[in-house]
Structure formats: C-alpha cells, structure tokens
Amino acid sequence: MICLGIESSCDETALALVRDGLLLENIVATQEEIHALFGGVVPELASREHYRLMGPLYDALLQRADIAPEDIDYYAVSRGPGLLGSLLVGVNFAKGLALASNKPIIGVNHLHAHLLAAGIEQPLIFPALGVLVSGGHTHVYKINSVQDFTVLGKTLDDAAGEAFDKVGKMLGLPYPAGRVIDMLAKRGEPTNNKLFPRPYIDNDNLDFSFSGLKTAVSLYIQEHPELMQKFVDVESANQALCNVCLAFNMAIVDTLCIKITRALEQQKVKNEDVQCIMLAGGVAGNSLLRERVQNLALGFNKKFIAPSLNLCTDNAAMVAYAGWCYAQAGLVHELGFEAIARGRVIPEDWQYAKN
Ligand code: KG4
Ligand code: ZN
C-alpha cells in the first residue's frame, strides 16, 4: 500500500512516499534563502514558490522511487494549520491527483503529522504525552491513538520556535535562527543561566507565554551593545553572544520541562497516566531540549520518542506516514474538505471508507 504525502503549509515544498509504513522516498525543497532576505516568511512569495515547484518535484519523486502514478493507493496532504495561500497549492494539487486517479485522499493536521513522524523510525506507543514545538505552534497533547488528540495546553502568544527566530533576529543571526542559537549555545559558558525569566510558570495550567522572554532579551541587548557584532559564523562568534544564546536556550528548555513535568503529574493524578513522551516539531531538533526531555522521561519511567533531526522540521515523510496510519484506520475525506489557515480549529471531518 503506497501513500503519497504532500506538505506546503509554510516555506517547505515537500513530497514523500510511504509504502506499508516504511519511507520509500522523500524530497524537501526549502525556501529558507528567499525568506532570509526579509528576516521571516513572506506569504505571497511562499505560495508562488510552492506553485512553481510542486509539479516538477512530483515528477522527480516518482522517478526517484521508480513508480508510476497509478501505483499510488492513497493521497495525504497537510490541510493546516498554515499559510492559506501555501496550503491551497498542496491541497488542490493533491485533490487533482485524487480526482484524476479515483483514489482516496485525506487532509492531515500538520501538527499531528509532526508528532506521528517518529513512527517512521520506531513503534509509536499510546497513550502518549505529545509535545509539539515548532515555528508556529507550541502545543501539549494527550494522544490516545493516531487520530485521537486532545490539547492540554498551548502558547498564548509566540511559539517556542518563533521566540528563537525573533531573538535571533535581534542578535543579527540569520533566519531561521533556532539551529544557529543551538550551536552558539553549545559554546556558551553556563555562568549566568538565570539571566532570563522562566515565563508563565506561576500558575497550574499547561499553557505557555514566550513573548515576555523575548522582551527580556531585547532589554538585555540594549544594555549590551557589544553583542551586536556582525555575525559571520559559529566558530568566530564572540563569547558574550554564545553566553546569551545559552542563557536564552536554557530559559526556553526549563520552561518547557516545567510544563511537561506538570502535565505528567496531572495525568497521573487523573489516573490517565501516559506511557511515553513524544517530542516533535522544528524545535525538537534542539540538542539541549532533546537531552533534557529524554532525561525527564527516564526519571518518570516513560519512553522518550522523537523523530531524528531531518524529520523534526517540516517535511512530507511525516504527512505520508500519518496518511498511511489513517488509511489503516479506514479514514478518508470527501474532495470538498477545506484548507485551514492558522488560528482556526482543524475539524475532524473525515469519514470511514466503505469497503
Ligand atoms: O516545524 P518547523 O519546521 O516549522 C513549523 O511548522 O513551524 O519548525 C521551524 C522552527 C523554526 O522556528 C526554527 O528556528 C526552529 O524550528 N528550529 C530550532 C532548531 N532547529 C529548527 N529551534 C531550536 N533549536 C534547533 N536546533
Ligand atoms: Zn511544521
């Protein structure tokens, strides 16, 4: 059974094939260089690039996998959340393929696909505590099965990745800044780890608010203009910059770990204990975060599940894999399903296939 996955929710145009749960082929074309010129994603440019690349990448994918269009049994596409113009390119391309081939299609929640991505490499275990940390979202879920996700908490303002990118911009680092801050933090001296606050923890909920942390870094930069030397590369960056990156990275990681610990404790009290922690999304590639959440899971006697680094950031392997899972569960969409822009709830409006 072959599932084609399509991803175009933000600034990566990606297509992948999963056969019987295993990754067959995976192509990602990133637009990072285009958007780096503007210090963030420009929606109109993103849609145009998706539109330009989608057809040629589809041809290249089939050629690389050495399969014909009629070998594809099921289509899966990220339907949101994301940039509407970008999503529409992928969703309509997938609908066209499904219509022409008379094969089933499913619209996938991009955030759920991030969390399911680890299933490509290792068995998923449910119930799980899902922690999705990406450029646009920071969500904590209770996950009971591939299609049963309940949001326990989320960010009230900036997402964790957004905080990385905005702080990186203030420090004159290239966009997207998360990976660079991660690398600079490794060279930081842990002298002043409490330089920045652990925001929004004095409550009993599982929500986040990272915008105050961003302001704290901004004020610190204003007081320390020596930080603003032109960034050339990680190796030649000055020590003060590396120290700030470490202090900021620690603040984000501590905050996430405090809320993950709280979530595990709350689930236990409710007698709804989870078996594992699933960490996913672009920020799940952060070395400090991975290490700390892995240790946290160990301390709670839970399994730790996270995709390898190349499957943390946006890709279509996760969409194809999620699609394959939904096909096994017998789920399909009618062709009229909608693309859902960021900010709207993604409906669970699938149907069960008639055999
Ligand atoms: O999941 P993703 O590819 O896109 C969204 O769906 O948003 O996440 C991209 C985000 C960016 O904000 C990027 O800076 C961040 O993930 N990121 C990282 C790292 N690698 C990517 N943040 C911290 N540390 C990293 N190593
Ligand atoms: Zn994403």
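Counting convention: from 1, in listed order, for ligands and their atoms alike.
- At a heavy-atom distance under 4.0 Å, only side-chain atoms of D182, from C-beta outward, approach ligand 1.
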Pair E32-R179, salt bridge (Lys or Arg N to Asp or Glu O under 4.0 Å): steps then yes or no: CA-CA 13 Å; E32 259 172 39; R179 217 164 57 84; over 6 Å; no

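- Each of the following atoms of ligand 1 lies closer than 4.0 Å to a heavy atom of H114: 1 (O), 6 (O).
- In H137, neither the side chain nor the backbone holds a heavy atom less than 4.0 Å from any atom of ligand 1.
- Taking the six-membered ring for Trp and thresholds of 30 and 60 degrees, H224 and Y220 have nearly parallel ring planes, at less than 30 degrees apart.
- Residue H114: an N/O/S atom is found under 2.8 Å from the Zn ion (ligand 2).
- Ranking the protein heavy atoms by distance from atom 3 (O) of ligand 1 puts D314 N, 2.9 Å first.
- Rounding to the nearest 0.5 angstrom, the gap separating the CD1 atom in I305 from the CD1 atom in I277 is 10.5 Å.
- Under 4.0 angstrom from ligand 1, there are no non-hydrogen atoms of E12.
- In terms of N/O distances under 3.5 Å, ligand 1 is approached by G136.
- Between Y200 and F210, the gap from one ring centroid to the other reaches at least 6.0 Å.
- Taking 4.0 Å as the cut-off between side-chain N and carboxylate O, R52 and E49 count as a salt-bridged pair.
- Taking the six-membered ring where tryptophan is involved, the planes of H112 and F149 are essentially parallel, since the angle between them stays under 30° and well short of 60°.
- Aromatic ring pairs are classed by plane angle as parallel below 30°, tilted from 30° to 60° and perpendicular above 60°; the pair H114 and H110 is perpendicular.
- The CD1 atom of I105 sits 9.5 Å away from the NE2 atom of H333 when rounded to the nearest 0.5 Å.
- Listed by atom number, the atoms of ligand 1 under 4.0 Å from P176 heavy atoms are 14 (O).
- Regarding atom 9 (C) of ligand 1, its nearest protein heavy-atom neighbour is G135 N, 3.7 Å.
- Regarding atom 1 (O) of ligand 1, its nearest protein heavy-atom neighbour is G282 N, 3.0 Å.
- Atoms of ligand 1 found under 4.0 Å from any heavy atom of G161 (numbered from 1 in listed order, with element): 12 (O).
- Against a heavy-atom cut-off of under 4.0 Å, G285 is close to the following atoms of ligand 1: 26 (N).
- Distance check for H110 against the Zn ion (ligand 2): an N/O/S atom falls below 2.8 Å.
- Ring centers of Y58 and F93: under 6.0 Å apart, within the cut-off.
- Here is the list of ligand 1 atoms found below 4.0 Å of a heavy atom in T313: 3 (O).
- Per residue D314, closest N, O or S atom to the Zn ion (ligand 2): atom name OD1.
- Linking Ile, Leu, Val, Met, Phe, Trp and Tyr whenever their side-chain heavy atoms come within less than 4.5 Å leaves L88 and V41 in two separate clusters.
- Ring geometry, F248 versus F164: the interplanar angle exceeds 60°, so the pair is classed perpendicular (tilted spans 30 to 60°).
- No more than 12 heavy atoms of other residues, nucleotides or ligands lie within 6.0 Å of NZ in K303, so this atom counts as exposed by the packing criterion.
- Considering both main-chain and side-chain atoms, G178 comes within under 3.5 Å of ligand 1 through a nitrogen or oxygen pair.
- Here the protein heavy atom with the shortest distance to atom 24 (N) of ligand 1 is N286 ND2, 3.0 Å.
- Residue contact annotation: M183 has no non-hydrogen atom under 4.0 Å from ligand 1.
- Among all non-hydrogen protein atoms, the one lying nearest atom 11 (C) of ligand 1 is D165 OD2, 3.5 Å.
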